[in-house]
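Reviewing the structure listed below.
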Amino acid sequence: MEKSERRERKEIEVIQRSRTSRTLAWCAFSVLLILTGDLLAQSPEAHQQRKYESHQVVRVQLSTAREMQTVSAIGAIPWSCRVGPGAPEYVVSPEQRDALVAANIRFDVLIADVQTLIDAERQENELAREGGIASDPLAWFTAYRTNAEVSIHMDDLAALHPDLVEKITVGTSHERRTIHGLRIASPTAPANRPVILLNGCQHAREWISVMVPMYIADQLVRKYDEDAQIQTLLDQIEFLVVPIVNPDGYAYTHDPDGNRMWRKNRRVNGGGAFGVDLNRNWEVDWNGPHSTSNNPTSDVYVGPFAMSEPETQAMRDLVLANPGIVAHIDFHSYSQLILQPLGYTSDPPADAVMLDALGAQMSDAIANVHNEEYIHGPAGDILYFASGVFEDWTYVTQGIFGYTIELRPKTFFPGFLLPPSEIIPTSEENFAAVLAMADFSLKHLTRRPAPCIGDLDHNGHVNVFDLLALLGAWGECASSECPGDLDESGAVDVFDLLTLLGAWGECR
Ligand code: 0X9
Ligand code: ZN
C-alpha cells in the first residue's frame, strides 16, 4: 500500500473512531465545549501554522515595470491572483513591507494581521466541528473538511443511495493521493443523458470551493426521494462531482506544518521550489500572451509544459471519457463572479449569446436565494485574461459550456478565509445556479459525438500505444473509470482487444 494511501486510511480510521464515540460525546457536549475552549487556548504553538504572524495584506500601486519587478523580487505572495499593472493585493511580511517603503512604492494596508484572521477561521472551524448535531444532515457543512472527511462523506452518500451514486477514482496526485469523484444519476436515466461536471479546489487555499460541490452532491442525493423536481432532474441528467482536484495542495493548507495560503499543487520543482498553478496548466493558449510565470517559485507557475500535471491530466481524461458532459463549473474563490469563456482573448466565442444567457440565468438564480450579487460576463472582461485555464479548455477543445464561479466573499476581506458559518448560504445559492444550468442544458445543449473507440490516449489514432494501454489494463475493472473496457462489460478482455484491432488506424 502506498504511503499516502496508508495516511488517508489512518485519517479515516481516526474519524470513524471519533464518530463511534460521538453519541457519548454529545451527552457531554457542554463539558466538551468548555474543554475545547481550554484546549484551544492552551494549544502548543508548534501545532499550529504561525506562518503569517505580523503579515499584512496590502494593495500596491504599481504603474511601472520596474515597480512590478521590485514587488516580485521581494517575494510578496499575491492575495488575489491579479498580477500586472494596477493595484493588486499582496501578503507581505514586516521585512517585505519595509522593502516596499524603501523602494518608494505606495500601498494601502487592507488587512492589518493575516495570522489573526487565520486563527479566527481555525478556531471557528474547530468549534463548529465539535458542536455539530450528529442527527442534522447539514451538520457536516458547518465546518471545512479535510481530504479524509470528504472521502468518507462520499462513501456515506454512495451507501445512502447505491442505485443513484457511485464513488469513482478520477486519478492520482503527485503525492499519490486519490482524486475522488461522484457519479450521480438515476438508474432509469437514458444512456444518452447529458452530464454536468462540477469540480472544486484546483486552488488549495480556496476551501469553500470544496464544500460547495459537496453540498450540491449531498442535496441531490438526499432530496431524490422527497423532492419531485430533483427526482425528475436526476431521471434525465447525470452529475459528475470532483470536489478536490488538488488533494496534495489541500492537505498542505490543513497541515499544521504546511501553509494555509498555498495555491498550487505540490510538484517538486527542484531547488526547494514546489508546485504548479493547475489553472494555468491547461492546453489552451498555454503559456500564451496572458501567461503568468515560468518561474517555479511563483504562485502562478504555469508548469514545465501544458497538461504536465497528474491532476490536470486526470480531469482531462475524465472529460474525454464522458462525451455526455455538456456543461461544467470550476468552482474557485473569491469575488462572487460567474466567468464565461473565452478568458484568454477578447475574441467573442461562437456561442457568446448562449453562454451569456446561461451566465445571466445562474446569476439570477443565485440572487433569488440570499440576494447576493454574482456578476456574470466573459472572464477577461470582468476579471482578467489568463492563459491555460480550465474553463477555456472545456469550451475550446470540447465545446462544453465551461464556467468558472468565484464564490463568496465579494472582496479581499476576508478573502480566502471565509468563515465556516458562510458555507451553507454560499452552497445554497450555488445549488440554485447548478439547477439553472441543468435546466438550460436539458433545453439547449447536446452531447458531443462519441470519441474514437480504441483511441485510449486521444491522439487521433488507434495504434500500438493504445494496444499496450489496453493490455496493461487487462482484467477486471477496479472502478467505472476503466478506459480499456470498450464494451463497458466491467472487464478489459478479448472482446475489447478485438474492438480495438477492428478500429486500427486513423480516427474518422
Ligand atoms: O486566476 C484564476 O485561476 C481564477 N481566479 S482565482 O482567484 N480563484 O485564482 C480565475 C480564472 C478565470 N479565468 C480567466 N480569468 N480566464
Ligand atoms: Zn482559484
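Reckoned from all heavy atoms, side chains included, excluding hydrogens, waters and symmetry mates. Each ligand, and each atom within it, is numbered from 1 in the order the structure gives. Here, residue 1 is the first one in the sequence, and each next residue gets the next number.
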Near the Zn ion (ligand 2), is there an N/O/S atom from E406 that is less than 2.8 Å away? no
Which class fits the ring pair H153 and F141: parallel under 30°, tilted 30 to 60°, perpendicular over 60°? perpendicular
Side-chain donor-acceptor contact under 3.5 Å, S173 with E175: no
Contact atoms of ligand 1, heavy-atom distance to H332 under 4.0 Å: 8 (N)
Any side-chain donor-acceptor pair under 3.5 Å between S293 and N295? no
Do K264 and S298 get their side chains close enough for a donor-acceptor pair, meaning under 3.5 Å? no
Would you call the rings of H55 and Y52 parallel, tilted or perpendicular if under 30° counts as parallel and over 60° as perpendicular? perpendicular
So that I can tick it off, tell me whether D299 and R263 are bridged by a salt bridge, with the cut-off set at under 4.0 angstrom between side-chain N and carboxylate O. no
Can you name the atoms of ligand 1, numbered from 1 with element, that are less than 4.0 Å from a heavy atom of V389? 13 (N)
Compute whether any side-chain donor of one residue and acceptor of the other, for N279 and Q202, lie under 3.5 angstrom apart. yes
G343-ligand 1 polar pair, N/O distance under 3.5 Å: yes
Selection from Q340, E391, E406 by shortest heavy-atom distance to atom 4 (C) of ligand 1: E406
Ligand-side contact atoms (ligand 1) for residue partner N279, heavy atom cut-off under 4.0 Å: 2 (C), 3 (O), 11 (C)
Would you say H203 and ligand 1 have an N/O pair spaced under 3.5 Å apart? yes
Return yes if some donor-acceptor pair links the side-chain N/O of N125 with the main-chain N/O of E121 below 3.5 Å, else return no. no
Check ligand 1 against L383 and write out every atom of the ligand that is under 4.0 Å from a heavy-atom position of the residue. 10 (C)
Could you check which N/O/S atom of H203 is closest to the Zn ion (ligand 2)? ND1
Between the side chains of E309 and R316, is the shortest nitrogen-to-carboxylate-oxygen separation below 4.0 Å, so that they form an ion pair? no
Near R263, which atoms of ligand 1 are under 4.0 Å from a heavy atom of that residue? 1 (O), 2 (C), 3 (O), 6 (S), 9 (O)
List every atom of ligand 1 that sits less than 4.0 Å from any heavy atom of E206, numbering the atoms from 1 in the order shown and giving each element. 6 (S), 8 (N), 9 (O)
Are any of the N/O atoms on Y344, whether in the backbone or the side chain, positioned under 3.5 angstrom from an N/O atom of ligand 1? no
Ignoring hydrogens and geometry beyond distance, is a side-chain donor-acceptor pair present between D119 and Q115 at under 3.5 Å? yes
Using a plain distance cutoff, I'd like to know if T404 has any nitrogen or oxygen under 3.5 Å from a nitrogen or oxygen of ligand 1. no
Restricting to N, O or S atoms, which atom of H332 is closest to the Zn ion (ligand 2)? ND1
Could you tell me which atoms of ligand 1, counted from 1 in the order shown, lie closer than 4.0 angstrom to a heavy atom of A379? 13 (N), 14 (C), 15 (N), 16 (N)
Counting only heavy atoms, which portion of Y384 has something under 4.0 Å from ligand 1: side chain, backbone, both, or neither? both
Under 4.0 Å, heavy atoms only, figure out whether ligand 1 is touched by the backbone of S333, its side chain, both or neither. backbone
Do E372 and K410 sit within salt-bridge range, that is, some charged N less than 4.0 Å from a carboxylate O? no
Numbered atoms and elements of ligand 1 in range of L339, under 4.0 angstrom, heavy atoms: 12 (C)
Ion pair check, D248 and R176, cut-off under 4.0 Å: no
Does ligand 1 have a heavy atom under 4.0 Å from the side chain of Q202, from its backbone, from both, or from neither? neither
